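So the structure is just underneath, and the comments pick up after that.
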Amino acid sequence: MDFEQLWSPVMARILPKKDVVIIGLGWTGAVMAQELTDEGLDVIAIERGPWRDAPTDFPPSQMQDELRYRVRHELFLRPDQLTFTFRNKVDQQALPIRNWGAFMPPNGVGGGGVHWNAEMWRFLPSDFVLKTHLTQRYGADFLPSDMTIQDWGITYDELEPHYDRFEYLCGTSGTAGNLRGKIMEGGNPFEGPRSRDYPTKAQPQPFSHTLFGKAARELGYKPFPQPSGNLSTAYTNPLGLRMGPCTYCGFCEWFGCSNYSKASPQTTILPVLVRKSNFTARDNSEVVKINTDRSGKHATGVTFVDSSGEAWEQPADLVILSAFSLFNAQLMLHSGIGQPYDPATGEGRIGRNFTHQTTSSVNGFFDHTKFNFNPFIGSGSIGMCIDEFNGDNFDHGPHGFVGGGYVGQVQTGARPIESALTPPGTPKWGTGWKNAVRDNYLSTVKPGTGVHGSFYAYRDIYLDLDPLYKDRFSRPLMRMTIDIKENEAKQNRFLTDKFAEIIKAMGAASLAKTYRTAPYDSTTYQTTHLNGGVIMGADPKTSAVNRYLQSWDVSNLFVLGASAFPQNAGYNPTLTVGALAYWAADAIRNQYLTKPGPLVDA
Amino acid sequence: METGLGPVVSRRSVLLSTAAFLIATSSRRTTAKTISGVLPWEPNGGNPPVAAKLGPWEFFTAEEGRAMEALADRIIPPDPQTPGGKDSGSAVFVDRQLAGGYGAQEGLYVRPPFITGAKNQGTQSEGGPRKEYREGLAALDRACQAREGGKRFADLPDDRKDQVLKDLEEGNLKLEGVDGKSFFALTIKDVQTGFFADPIYGGNRDMAAWKMIGYPGARYNYLDWVGRHNERFPLPPVSMTGRAEWTSNNSGAR
Ligand SMILES: Cc1cc2nc3c(=O)[nH]c(=O)nc-3n(C[C@H](O)[C@H](O)[C@H](O)COP(=O)(O)OP(=O)(O)OC[C@H]3O[C@@H](n4cnc5c(N)ncnc54)[C@H](O)[C@@H]3O)c2cc1C
Ligand code: SF4
């Protein structure tokens, strides 16, 4: 079909003006909607996917379906509706991602909050001033010449109250490691100071986790339970919403929780938000453009297309872009807001400093006559971890790389299609395979997370529009140019070896160790922690939004999400994403609304 | 290059593309709705799984079905405790998957151009799994007939079948017009997926695979068990439709 031929003007029907339009009703959209409706503003949220909730979409009668939700990933966006093109290098032909592999973009009300693991980490204080910190400690020459890491323009101390708010919203289960500067036994001694303890105690740990903890301690590390949004106990959050204790069902990441035990917009915000008379949501409606006035400096609202093909225009005074990092960048490019980044000159804002997460794992195979882990008993973020090798918690001088990550055993539930593993050297089929599967299923340690490393930014890893491939609206797909650089490969090798030592010390008879190596592979899953493209910072030349996540170009547009990360730390992003949403909401409520306009002079 | 959407979306192109999109998603409501005041909830608004139906092949021809069952039984050979791929239904599973959304590449991006790229750029084939099986199974039979005295794959003795598959796996047996190595890899993946999926989809009959490995299935509550270490969980598996003993009219293909 020749799509060019079909191009002709469309008449969008114009809806009554609102104070605020929110693009995407996932984690950050829900947080912002809750805050701005509290302020008395009239808010509409427009969501690309369907409304979803436990009784209809993930009840306990059908949710335990590995084929449907994990293998065929039903809760996720269909590439048919929107995808990206991918290549490793600037001189390579990018090709479309026809089926998801390396990451799995969310779709539908609740966004990634529906089917995330809920591993809830704070970043280190040094992560926010990364460039300054590393140059001071190691000198500028220690960094690879094409590395483009930056400071965030915000500090850990400024963000701390907002970290706290998101943790209490979610009921996060954990053990504090640093209470107002005092190092606490049993917690993460490397974390930044927290103003109060976790809202709920850490989850109890299954067998493999206690073995991991013991082995790690004996090797001289300080293991601690992973901070988790799968709750250890019943909890009522500050909005009055009640959550139940997690039952370790093992259908957590990729799945929705039937049990109201996993923190999500559905369990922590939406039932309160929907009842407010100044809030409206539209589902199955995809925003296709942020509209600006003639000056290009003021947003007038958005255009969206609903699932029956009708186009609508929603005018608003304030536009919140909270569509998930990748779609934030894509909508900025499609709306022509901000200069697109050009790797040849290093100029331009949108698409700059695109990053992912450098992950890998080590599976441990144990003697099945002595070990039974009941690996199907698990939850998305139940875990035992160490943080000795994250960020700059150790001296990088002798190692010749920067960055790091946490490593840990996270027993997420051994759904058998994905988890019937066999030791290295086993045939892939036949009697040998069958016997090995039978013998190993209950006695294999398959860490859900394993090695969770940082991914720093580079001059030629970026997002722009593809010159060839088009989406269903005949718009160019967004193109990702991404690779694993030597620094990240070295970091991963170091971390994976350290992790393997611990699994070995647990008593594993054999290990399957996989390093993350170049080239970046779009077909193997590596988390859905994609970052950058619309990064925050103090300098409008090298960032797209200011420290309050306000667009430097269009001051009534705020862009929430991990798109703001100048580079990625060795932790999962969402607690920081949620804290930044509260931080931006605070700036809108207390500064912007009294005096609309740029909150920082460009 | 055109960047802004501006006046470029035509109503027709939108309608065409969303119509396709609507078919792609399942029975669930996909019409856009405005939500305010209360959580949107409709009676019977759920979206239960669709069970594989009993009966004849839906995608395979009789000859292909025979080859598929023979393949399933070599990938997962029967043993005294646990049935093989054939009797546990893996070939039926693959057939129903190919007849359904998986075979149709439902929801995938299938717009042209189709350019061959690097392996790490993912599949760029236009035909998808239906074409791969149709051509792969035919080519496998042709190769066997040429090499194994005129016999099709399904008619070979087990040790010859295994030899053929080994050669395929190692790239020592080339199939005509088909990448034999990747076709076999796909077959292994799909057959084993059917073995471990919920029985509602046609494989893993009587939860044979789950019993074999000690997986309790679609249970939902292990609160009492998370703290019990190195102890075998005692309960047998359940599927999404329960256990055969619970109902005389158990659904799911069997
Ligand atoms: C399987 C999985 C596991 C994960 N596990 C973890 C974890 O353990 N810990 C962690 O920290 N993070 C985890 N994440 C990441 C986490 O889900 C995201 O960081 C988080 O949801 C981001 O919040 P957000 O508001 O930016 O985006 P989302 O929550 O994804 O919300 C964005 C919403 O915008 C909608 N949208 C997009 N484009 C448009 C458009 N054009 N018009 C209208 N609506 C649109 C989307 O449909 C979506 O609902 C996981 C993600 C996945 C997929
Ligand atoms: S593991 Fe716990 S939090 Fe996760 S889906 Fe199951 S009950 Fe919910």
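Note on naming: letters A, B, ... go to the chains in the order of the sequence lines (proteins, then strands), and numbering restarts at 1 for each one. Only a predicted model underlies this, so the values are computations on that prediction, with no experimental measurement involved.
Separating the OH atom in A/Tyr441 from the CH2 atom in B/Trp210 is a distance of 9.5 Å, to the nearest 0.5 Å. Within the model, atoms OG1 of A/Thr431 and CD1 of B/Ile75 stand 12.0 Å from one another, a figure rounded to the nearest 0.5 Å. Taking CG of A/Asn259 as the reference point, atom CG of B/Leu223 lies at 8.0 Å (rounded to 0.5 Å). Going from atom CD of A/Gln64 over to atom OG of B/Ser239 covers 10.0 Å, rounded to the nearest 0.5 Å.
Looking at B/Thr116, the atoms closer than 4.5 Å to chain A (heavy atoms on both sides) all sit in the backbone: N, CA, C or O. Heavy atoms of B/Val38 lying under 4.5 Å from chain A belong exclusively to its backbone. Neither the backbone nor the side chain of A/Pro375 comes within contact range of chain B, judged by heavy atoms closer than 4.5 Å. Neither the backbone nor the side chain of B/Asp73 comes within contact range of chain A; no heavy atom of the residue lies under 4.5 Å from a heavy atom of that chain. Contacts between A/Leu331 and chain B at a heavy-atom distance below 4.5 Å are absent for every atom of the residue. No part of A/Ala45 comes within reach of chain B, as not one of its non-hydrogen atoms sits under 4.5 angstrom from that chain. Using a 4.5 Å cut-off between heavy atoms, A/Ala102 does not touch chain B at all. Looking at B/Thr123, the atoms closer than 4.5 Å to chain A (heavy atoms on both sides) all sit in the backbone: N, CA, C or O. With a 4.5 Å cut-off on non-hydrogen atoms, A/Leu468 touches chain B through its side chain but not through its backbone. With a 4.5 angstrom heavy-atom cutoff, B/Arg219 touches chain A only via backbone atoms. Heavy atoms of B/Lys119 lying under 4.5 Å from chain A belong exclusively to its backbone.
Using cut-offs of 30° and 60° on the angle between ring planes, the pair A/Phe376 and B/Tyr215 is perpendicular.
Without hydrogens or angle criteria, B/Arg228 side chain to A/Pro206 main chain gives no donor-acceptor distance under 3.5 Å. One N or O on the side chain of B/His229 and one on the backbone of A/Gln205 form a donor-acceptor pair closer than 3.5 Å. A donor-acceptor contact shorter than 3.5 Å is absent between the side chain of A/Arg282 and the backbone of B/Thr34. The closest donor-acceptor contact from the side chain of A/Tyr469 to the backbone of B/Pro113 lies under 3.5 Å. Remark: side-chain polar atoms of A/Asn284 are paired, donor with acceptor, to backbone N or O of B/Thr31 under 3.5 angstrom. Checking side-chain atoms of A/Lys428 against main-chain N and O of B/Ile188 turns up no donor-acceptor pair under 3.5 Å. A donor-acceptor pair under 3.5 Å is absent between the side-chain atoms of A/Gln62 and the main chain of B/Met240, judged by distance alone. For the pair A/Ser307 (side chain) and B/Ala32 (backbone), a donor-acceptor distance under 3.5 Å is present. The main-chain N or O of A/Phe84 is never found under 3.5 Å from a side-chain atom of B/Tyr109 such that the two would form a donor-acceptor pair. Side chain of B/Asn120 to main chain of A/Thr524: no donor-acceptor pair is present (N/O by atom type, distance under 3.5 Å, no hydrogens or angles).
Residues A/Pro416 and B/Ile213 meet the side-chain proximity criterion, which asks for heavy atoms closer than 4.5 Å. Side-chain contact between A/Arg98 and B/Gln105 is absent, with no heavy atoms from C-beta onward closer than 4.5 Å. In this structure, A/Arg438 and B/Thr82 have side chains that are in contact, with non-hydrogen atoms separated by less than 4.5 Å. Using a 4.5 Å heavy-atom cutoff, the side chains of A/Asp471 and B/Arg111 are not in contact. In this structure the side chain of A/Ser258 reaches within 4.5 angstrom of the side chain of B/Tyr220, judged on heavy atoms. The shortest side-chain heavy-atom distance between B/Tyr102 and A/Leu67 does not fall under the 4.5 Å cut-off. Proximity of A/Arg68 to B/Asn47: side-chain heavy atoms (C-beta onward) are separated by under 4.5 Å at one or more points. Between A/Val437 and B/Phe196 there is a side-chain heavy-atom pair separated by less than 4.5 Å.
In terms of heavy-atom pairs under 4.5 angstrom with chain A, the leader among B/Arg74, B/Arg232, B/Gln192 is B/Gln192. Between chain B and the options A/Asp521, A/Leu273, A/Asn372, A/Thr523, heavy-atom pairs under 4.5 Å are most frequent for A/Asn372. Counting heavy-atom pairs closer than 4.5 Å to chain A, the top-ranked of the candidates B/Thr193, B/Asp198, B/Asp224 is B/Thr193. Chain B forms more heavy-atom pairs under 4.5 Å with one residue of A/Asn440, A/Ile417, A/Leu77 than with any other, namely A/Ile417. By number of non-hydrogen pairs under 4.5 angstrom with chain B, the leading residue of A/Asn88, A/Ile44, A/Leu82, A/Leu95 is A/Leu95. With respect to chain A, the highest number of heavy-atom pairs below 4.5 Å among B/Gly117, B/Gly217, B/Gly214 belongs to B/Gly214. Heavy-atom pairs under 4.5 Å with chain A were tallied for B/Ala197, B/Ala185, B/Gly85; the largest tally goes to B/Ala197. Contact count against chain B (heavy-atom pairs under 4.5 Å) is highest for A/Arg72 among A/His209, A/Gln411, A/Glu47, A/Arg72. Here A/Asp65 is the residue among A/Asp439, A/Thr280, A/Asp65 with the most heavy-atom pairs under 4.5 Å with chain B. Options A/Phe251, A/Phe373, A/Phe58 differ in how many heavy-atom pairs under 4.5 Å they form with chain B, and the most are formed by A/Phe251.
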Problem - Step-by-step side chain to side chain contact (heavy atoms under 4.5 Å, CB included) determination, B/Ile76 to A/Trp429 - result: CA-CA 7 Å; B/Ile76 309 173; A/Trp429 54 279; over 6 Å; no
Handout entry: Verdict with reasoning, A/Gln93 to B/Gln121, per side chain to side chain contact (heavy atoms under 4.5 Å, CB included)
Key = CA-CA 10 Å; A/Gln93 168 75 50; B/Gln121 290 181 300; 5.8 Å; no
Exercise for the section: Walk me through it: do A/Trp51 and B/Ile35 pass the test side chain to side chain contact (heavy atoms under 4.5 Å, CB included)? Expected result: CA-CA 9 Å; A/Trp51 193 274; B/Ile35 294 125; 3.4 Å; yes
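Among all heavy-atom pairs drawn from A/Pro79 and B/Gly107, the shortest one is CD-O, 3.0 Å.
Partners of A/Asn291 according to the side chain to side chain donor-acceptor pair (under 3.5 Å) rule, which considers only residues two or more places apart in sequence or in another chain, are A/Thr303.
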